[in-house]
Amino acid sequence: MYHKITEKAGGKFRASIINKHRLATLRSKTKTLNTKKAAEDWVGKTFPVLESQFNDYLYKMGMLDSGKYEERIGEHSKLNWASSLRDVIVAHKIHIVNNGINVGRSVTHALNSIGECEISKISLFQIDMDALEQFCKQRRKKVSAATLTVDISCMARVIRESLEYGLFSSATKGLSDNIIMSHYSLLKTRGYLGQSKERDNVFNNADFLRVLSSARRYSEKGGGVSYDSFIELHYETLLTSSEMLSLKWRSVDFSSNKIEVRGRSFKLTTRAVEILKTLLAKNCGSYDSDSLIFPVSKSSISTILSRIVRLSGVEGFQIRDLRRFGAQRLVTGGLDKYELANILGSRDIKKVEEKYYL
């Protein structure tokens, strides 16, 4: 089997999947689309499905070696474009349980709720604005717009993390959480999703220094974890709390002063490099590349950070303020918004501007 994309008169593109095997019952499948990107996406979704179906047929006919079939099954038993959203949720749940990955109760509850809805039964390539809108209408009968916003975010998250965990077949091309997030703005415009609430308090540099001082005093009590380094590196890198807790030494490249997290790479600030080198020096300059930089559980860090904030006397501070405060600082310093979006791990510039009050 092979595929090709040809440009037609009028600027449209014809995508073709062709099977010249003598036993093929479906010799070709074609579709004409408006752009080359759309044609490539269609091929990426459709090719692995047709290939899987044909190889199953060959095996049943005794035309495919059992060893090769089992090798193919090992790959195609993974998720692909034809998998349902429920398949993704189940595979994701099995993976995090088997690997001891912490997931918050709100995420678990949201994914369980999504799994009970009609949208979870359809294939990933069928998820579009209409399907998401029907899901929103179904859910809004039971939950608020704020809860529905969490549901949509978790729907995108389970796809993104399943890709990162390698749960999808290598033949799955063009798939990303964008099949959900590309419709986020429109869903919000139509009133399905909750609007971000403005907060009265504004986190400033004085507050940051007070929290940092409090964390330093707490770290001196012992326990082996430098919580002031955790907070300051959080502020300097703009990583999420979960990314900070899963950060390993192999993610840091001291030769280029860059860090790679969840498929994105960006240059570290001078202060971030200093923090990491200080932590490295505490380990006598040696480390296991697979070891965590901050070996502390999600539940523990939440409790400890709450204590640190109380000790600092800063009212209304939340750990996520560090990302917003740090983002504002970088933009004020002249950082391009597109580079900021890359650092934050976001594809939506408007969403970045809204969420971080830029």
Side-chain angles (χ1 to χ4, degrees), residues 29 31 33-34 38 41-53 56 76-98 101 103-169 171-196 346-348 351:
K29 190 175 182 68
K31 188 163 186 174
L33 298 116
N34 292 328
D41 287 346
W42 179 81
V43 169
K45 298 174 185 177
T46 311
F47 190 91
V49 177
L50 295 180
E51 183 185 40
S52 177
Q53 292 173 348
D56 287 339
H76 286 279
S77 61
K78 293 185 176 182
L79 302 168
N80 56 48
W81 275 106
S83 302
S84 68
L85 187 57
R86 182 177 294 171
D87 293 336
V88 179
I89 293 172
V90 170
H92 179 271
K93 184 174 183 179
I94 291 172
H95 180 83
I96 62 175
V97 169
N98 290 343
I101 300 172
V103 176
R105 283 180 292 179
S106 60
V107 176
T108 301
H109 178 72
L111 293 179
N112 289 339
S113 298
I114 293 168
E116 297 173 357
C117 296
E118 290 299 315
I119 196 171
S120 70
K121 300 176 184 178
I122 65 176
S123 300
L124 295 178
F125 70 83
Q126 295 176 304
I127 296 179
D128 54 15
M129 182 59 193
D130 290 339
L132 288 169
E133 193 166 24
Q134 288 301 315
F135 165 74
C136 289
K137 289 178 179 178
Q138 181 183 1
R139 285 289 283 157
R140 278 303 302 272
K141 294 177 181 178
K142 298 181 179 179
V143 301
S144 66
T147 300
L148 190 52
T149 303
V150 174
D151 288 350
I152 293 294
S153 297
C154 289
M155 197 182 293
R157 173 177 173 171
V158 75
I159 293 173
R160 181 178 65 252
E161 291 186 348
S162 295
L163 285 164
E164 293 169 358
Y165 296 150
L167 304 182
F168 279 88
S169 163
T172 304
K173 296 179 180 179
L175 177 64
S176 73
D177 61 352
N178 204 40
I179 65 172
I180 307 295
M181 298 312 293
S182 61
H183 304 293
Y184 186 92
S185 295
L186 185 53
L187 289 171
K188 196 167 189 178
T189 301
R190 294 185 178 178
Y192 294 111
L193 308 183
Q195 299 292 324
S196 300
S346 175
R347 298 181 180 85
D348 192 332
K351 185 179 177 183

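Using a 4.5 Å cut-off on side-chain heavy atoms (C-beta onward), Y192 and E133 make contact. The side-chain heavy atoms of F125 and L175, taken from C-beta on, include no pair separated by under 4.5 Å. A heavy-atom distance below 4.5 Å is not found between the side chains of Q134 and E118.
Taking NZ from K142 and SG from C117, the interatomic distance works out to 7.0 Å, rounded to the nearest 0.5 Å. Atom-to-atom distance recorded for L111:CG and M155:CE is 9.0 Å, nearest 0.5 angstrom.
A donor-acceptor pair under 3.5 Å is formed between the side chain of N112 and the backbone N or O of T108. Under a 3.5 Å cut-off, the side chain of T46 and the backbone N or O of V43 do not form any donor-acceptor pair. A side-chain donor-acceptor contact under 3.5 Å links Q126 to the backbone of S123. With S120 contributing its side chain and R86 its backbone, the two residues share no donor-acceptor pair below 3.5 Å. A donor-acceptor distance shorter than 3.5 angstrom exists from the side chain of S113 to the backbone of H109, with no hydrogens or angles considered. Looking at S84, its side chain never comes within 3.5 Å of a backbone N or O of K121 through a donor-acceptor pair.
Smallest separation of non-hydrogen atoms from I179 and L132: O-CD1, 4.2 Å.
By the 4.0 Å N-to-carboxylate-O rule, R157 lies too far from D177 to be salt-bridged with it.
Checked options N178, T189, L193; the residue passing with Y184 is L193 (criterion: side-chain contact (heavy atoms from CB on, under 4.5 Å)).
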